[in-house]
Chemist: 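Just dropping this structure here.
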Amino acid sequence: AETPTGPAAVPGIPAPGGLRFFLPWLGWVALGEFAGFLVPMSAEALIVASGLGDLPGPGLLVVAGAGEGAILGAVQGWRLSRALPRLARGRFTGLTAAAAALAWALGMLPVVTVGLWIEWPVALTAVLGLVVGLALLASIGVGQSFELRRHLTGGGWIWVLATAAARMSQGCARTTS
């Protein structure tokens, strides 16, 4: 495992110089997420304007989600490479893009399949919704951990938890704005 330079703010997450790494990290990741999110939002505008139906629309959003993930992964990989110089940035970006596509697919699954489960017992629907939701929240971190585990001790599970928490806070911010 690669040893990040400087003290780590959270075990397993590289943070050279503590806040000197973390605060710019937050800014760059926010910018990367904003820029990345323009891809699925543009796709959604295209879907609405062209009247794409049930399957082409969500399929296009999954592809656009990969674009979002590619932008986010490129920004995160660039910033992480300062702490982890041997990070394979292209691999990290590709893993993030694939994980983001999976997240978009999981997020649309309940809507696309509503005809299948709408009359299921509420308890079963709630449990399955929780499982799909947790998988969605963990998708980005788990995808990225395939590269990060080569550099961090502990396999990057703190990274998975941190990215899941960040995704959850994004969802809360999107639904309250």
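Note that the coordinates shown come from a computational prediction; the quantities given were computed from them, not determined experimentally.
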Chemist: About how many Å separate CD1 of I118 and CH2 of W120, when rounded to the nearest 0.5 Å?
Modeler: 11.0 Å

Chemist: If hydrophobic clusters are built by linking Ile, Leu, Val, Met, Phe, Trp and Tyr wherever their side-chain heavy atoms come under 4.5 Å apart, do V131 and L137 end up in the same one?
Modeler: no

Chemist: Applying the 4.5 Å side-chain criterion to the ILVMFWY set and letting contacts propagate, would L109 and L124 be lumped into a single cluster?
Modeler: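 The answer is no; the residues belong to distinct hydrophobic clusters.
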
Chemist: Tell me whether the count of non-hydrogen atoms from other residues, nucleotides or ligands lying under 6.0 Å of CH2 in W117 goes above 12.
Modeler: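 Count over threshold, so yes.
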
Chemist: Is there a side-chain contact between L148 and L80 in this structure, where contact means two heavy atoms from C-beta onward sitting under 4.5 Å apart?
Modeler: yes

Chemist: Hydrophobic cluster membership, with links at side-chain heavy-atom distances under 4.5 Å among I/L/V/M/F/W/Y: are L72 and F22 in one?
Modeler: yes

Chemist: Do L95 and F92 come within less than 4.5 Å of each other through their side chains, counting heavy atoms only?
Modeler: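 SC-SC contact between L95 and F92 ruled out.
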
Chemist: Give the minimum heavy-atom separation between T163 and I140, together with the two atoms involved.
Modeler: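 Smallest heavy-atom distance, with atoms named: OG1-C, 4.5 Å.
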
Chemist: Which atom names give the shortest non-hydrogen contact between P110 and G107, and what distance separates them?
Modeler: CD-O, 3.6 Å

Chemist: So if you build clusters from Ile, Leu, Val, Met, Phe, Trp, Tyr with side-chain heavy-atom gaps below 4.5 Å, do L60 and W104 land together?
Modeler: yes

Chemist: Are L61 and L102 linked, directly or through intermediate hydrophobic residues, by side-chain heavy-atom contacts shorter than 4.5 Å (ILVMFWY only)?
Modeler: no

Chemist: Could you pull out the closest heavy-atom pair between A88 and H151, with the gap in Å?
Modeler: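 That would be N-NE2, 4.2 Å.
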
Chemist: Per the salt bridge (Lys or Arg N to Asp or Glu O under 4.0 Å) rule, what does the pair list look like for residues 91-117, sequence neighbours excluded?
Modeler: R91-E147

Chemist: First locate atom CD of Q76, then atom CZ of R79, and finally report the distance between them rounded to the nearest 0.5 Å.
Modeler: 12.0 Å

